[in-house]
2 protein chains.
Amino acid sequence: MEHRIEQIKKQLHAQSYKLTPQREATVRVLLEREEDHLSAEDVYLLVKEKSPEIGLATVYRTLELLSELKIVDKINFGDGVSRYDLRKEGAKHFHHHLVCIECGSVEEIVNDLLEDVERIVQNDWGFEVKDHRLTFHGICKQCQQSAVKAN
Amino acid sequence: MEHRIEQIKKQLHAQSYKLTPQREATVRVLLEREEDHLSAEDVYLLVKEKSPEIGLATVYRTLELLSELKIVDKINFGDGVSRYDLRKEGAKHFHHHLVCIECGSVEEIVNDLLEDVERIVQNDWGFEVKDHRLTFHGICKQCQQSAVKAN
DNA sequence: TCTTTTAATTATAATAATTATAAAATAGTA
DNA sequence: TACTATTTTATAATTATTATAATTAAAAGA
Ligand SMILES: [Zn+2]
Ligand SMILES: [Zn+2]
Ligand SMILES: [Zn+2]
Ligand SMILES: [Zn+2]
């Protein structure tokens with residue numbers, strides 16, 4: 001944890017941004033809930049528990065800044081809110097998501113499954129890929145099992 | 001065009017929905033601008049040109065309905081608005097997108113590049129894939145060429 | 001250390017996108 | 001035709017996000 005905070009501090013300083021207490025509190029929440037996919041509001045409420053004086057706009061600005069620095073990825077699962085997802089330590093690409101249309105759960109795939117596809121896009125379409133967003137919608141393992149039992 | 005309207009009419013009737021004049025006008029706009037990625041507001045303004053009496057909420061409701069019936073796919077490129085994309089005739093999966101981070105252009109890939117990946121997700125993660133969203137962010141061909149010239 | 005400059009935050013207001021509500025209109029059906 | 005359910009309209013409300021001006025905090029210079 002402290003190690004990753006330090007790392008992020010360096011990334012900020014490299015662009016001459018400061019790691020203010022508010023920013024640090026925000027980053028800590030993201031680290032503590034790394035598996036989750038929090039909205040700005042979610043993050044705000046969690047940060048507020050420890051640092052009640054923080055403002056919502058600051059959380060928005062911090063998340064925006066972290067997005068620009070590629071420390072977090074902004075993603076939208078189609079429910080009208082942007083969610084902020086910490087990039088895995090050392091990962092050079094954004095991970096993929098499995099969204100269950102039954103229970104709403106979100107699972108992550110950290111393996112890069114798109115290497116071949118990106119090569120094709122590069123070669124056949126002449127498009128220089130810098131980043132990607134891949135989300136599968138379907139039925140998660142648990143819901144499949146529940147469906148079997150119900151029959 | 002008329003052929004596809006008829007087809008959509010049937011799809012609506014199959015679920016006992018009506019193809020009202022407002023809905024038809026909305027579908028026509030989507031058909032006329034099939035290559036584009038229109039927001040609800042965009043669609044509203046275009047429909048209004050021909051049917052000035054239509055309301056914005058009706059457009060929203062129609063697009064929502066068409067989404068449920070999988071006639072259009074709702075997508076978000078991260079700019080805060082939902083965009084509505086007519087599914088290609090006969091396509092059983094949603095096509096992919098190339099979004100240029102320089103000029104903002106959006107190119108479409110109708111080939112299914114995810115067959116292998118979906119098989120892996122199915123087998124290794126036990127997730128039953130029903131739909132997907134795949135967007136690449138990068139530099140389009142035109143912007144690459146402009147960059148070369150500029151040097 | 002004191003002062004100046006710049007960056008960041010707060011509190012608040014504004015904007016933009018989307019959804020909800022009630023009344024009126026429309027369409028299908030007995 | 002009369003009845004019933006669906007859909008639309010006009011409008012208001014809600015929700016997410018961004019902008020503004022005043023204040024605070026941090027860094028840089030004297
Ligand atoms: Zn994730
Ligand atoms: Zn599930
Ligand atoms: Zn471009
Ligand atoms: Zn498209």
Side-chain angles (χ1 to χ4, degrees), chain A residues 8-29 37-69 71-85, chain B residues 8-29 37-69 71-85:
Chain A
I8 289 168
K9 190 173 184 174
K10 272 179 204 148
Q11 286 180 266
L12 283 167
H13 285 170
Q15 312 276 328
S16 59
Y17 290 114
K18 302 165 194 168
L19 183 65
T20 63
Q22 291 91 338
R23 285 176 182 167
E24 184 173 334
T26 303
V27 169
R28 282 185 188 277
V29 163
H37 297 86
L38 305 172
S39 66
E41 182 87 28
D42 294 336
V43 174
Y44 168 66
L45 293 173
L46 289 166
V47 173
K48 229 172 146 53
E49 286 177 10
K50 294 177 184 169
S51 312
E53 71 290 351
I54 202 170
L56 177 58
T58 299
V59 171
Y60 267 101
R61 260 179 288 116
T62 300
L63 292 171
E64 189 57 35
L65 176 62
L66 295 172
S67 291
E68 276 165 27
L69 300 186
I71 294 166
V72 308
D73 287 297
K74 193 174 175 179
I75 193 169
N76 190 301
F77 291 131
D79 61 350
V81 290
S82 294
R83 298 179 179 280
Y84 298 84
D85 210 354
Chain B
I8 289 168
K9 190 174 184 172
K10 272 181 203 147
Q11 285 179 266
L12 284 167
H13 285 169
Q15 313 275 327
S16 60
Y17 291 114
K18 301 164 192 169
L19 183 65
T20 63
Q22 291 90 339
R23 285 175 182 167
E24 184 172 335
T26 302
V27 169
R28 280 185 189 279
V29 163
H37 297 87
L38 304 172
S39 67
E41 181 88 28
D42 294 336
V43 174
Y44 169 66
L45 292 174
L46 289 166
V47 174
K48 228 171 147 54
E49 287 177 10
K50 294 176 181 168
S51 313
E53 70 290 350
I54 201 168
L56 176 57
T58 300
V59 171
Y60 267 102
R61 260 178 287 114
T62 300
L63 292 170
E64 189 57 36
L65 177 63
L66 294 173
S67 291
E68 277 166 25
L69 300 185
I71 294 166
V72 308
D73 286 297
K74 192 174 175 180
I75 194 167
N76 189 302
F77 292 131
D79 61 350
V81 290
S82 294
R83 297 179 179 281
Y84 299 86
D85 210 354

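Here is the naming used below: chain letters follow the sequence lines, and residue numbers restart at 1 for every chain. Fair warning: this is a prediction, and the values are worked out from it, not measured in the lab.
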**Q** Tell me, which pairs form a salt bridge (charged side-chain N to carboxylate O under 4.0 Å, His left out) where one or both residues lie in residues 44-62 of chain A, sequence neighbours left out?
**A** A:Glu32-A:Lys50
**Q** In whole angstrom, give the distance that lies between atom CZ of A:Arg23 and atom P of D:dA25.
**A** 15 Å
**Q** Using atom NZ of A:Lys9 as one end and atom P of D:dA26 as the other, report the distance to the nearest whole Å.
**A** 12 Å
**Q** To the nearest angstrom, how far is B:Tyr44 atom OH from D:dT8 atom C1'?
**A** 13 Å
**Q** For B:Phe77, I'd like to know if atom CZ has over 12 heavy atoms of other residues, nucleotides or ligands within 6.0 Å.
**A** yes
**Q** Among all residues two or more places apart in sequence or in another chain, which pass the side chain to side chain contact (heavy atoms under 4.5 Å, CB included) test with B:Glu41?
**A** B:Ser39, B:Tyr44, B:Leu45, B:Leu56
**Q** How would nucleotides 25-30 of chain C be written as a contact map, 5' to 3', with B for base contact, S for sugar-phosphate-only contact and - for no contact, using protein heavy atoms under 4.0 Å?
**A** ------
**Q** Using atom names, set out every protein N or O paired with an N or O of nucleotides 10-17 of chain C below 3.5 Å, distance rounded to 0.1 Å.
**A**
residue	atom	partner	partner atom	Å
C:dT10	OP1	A:Gln22	NE2	3.4
C:dT10	OP1	A:Glu53	O	3.1
C:dT10	OP2	A:Gly55	N	3.2
C:dT10	OP2	A:Thr58	OG1	2.7

**Q** Write down the distance between CG (A:Leu66) and C1' (C:dA8), rounded to a whole number of angstrom.
**A** 14 Å
**Q** Considering the options B:Val47, B:Thr58, B:Thr62, which one meets the side-chain contact (heavy atoms from CB on, under 4.5 Å) requirement together with B:Gln22?
**A** B:Thr58
**Q** Just to verify, what does B:Glu68 make a salt bridge (Lys or Arg N to Asp or Glu O under 4.0 Å) with, not counting sequence neighbours?
**A** none
**Q** Can you name the residues that form a ring pair (Phe, Tyr, Trp, His ring centres under 6.0 Å) with B:Tyr60, not counting sequence neighbours?
**A** none
**Q** What is the distance from CG of B:Leu56 to P of D:dT8, rounded to the nearest Å?
**A** 13 Å
**Q** Mind checking side chain to side chain contact (heavy atoms under 4.5 Å, CB included) for B:Asn76 and listing every partner two or more places apart, or none if nothing turns up?
**A** A:Asn76, B:Ser82
**Q** Over how many whole Å does the gap from A:Leu63 atom CG to C:dT9 atom P extend?
**A** 12 Å
**Q** Return the value, rounded to whole Å, for the distance between atom CG of A:Leu19 and atom P of D:dA25.
**A** 17 Å
**Q** Measure the distance from OH on B:Tyr17 to C1' on D:dT7 and round it to the nearest whole Å.
**A** 12 Å
**Q** Could you list the residues that satisfy side chain to side chain donor-acceptor pair (under 3.5 Å) with A:Arg83, not counting sequence neighbours?
**A** A:Asp79
**Q** Only pairs at least two apart or in different chains count here, so list each salt bridge (charged side-chain N to carboxylate O under 4.0 Å, His left out) that has a residue in residues 10-28 of chain B.
**A** B:Glu2-B:Arg28, B:Glu24-B:Arg28
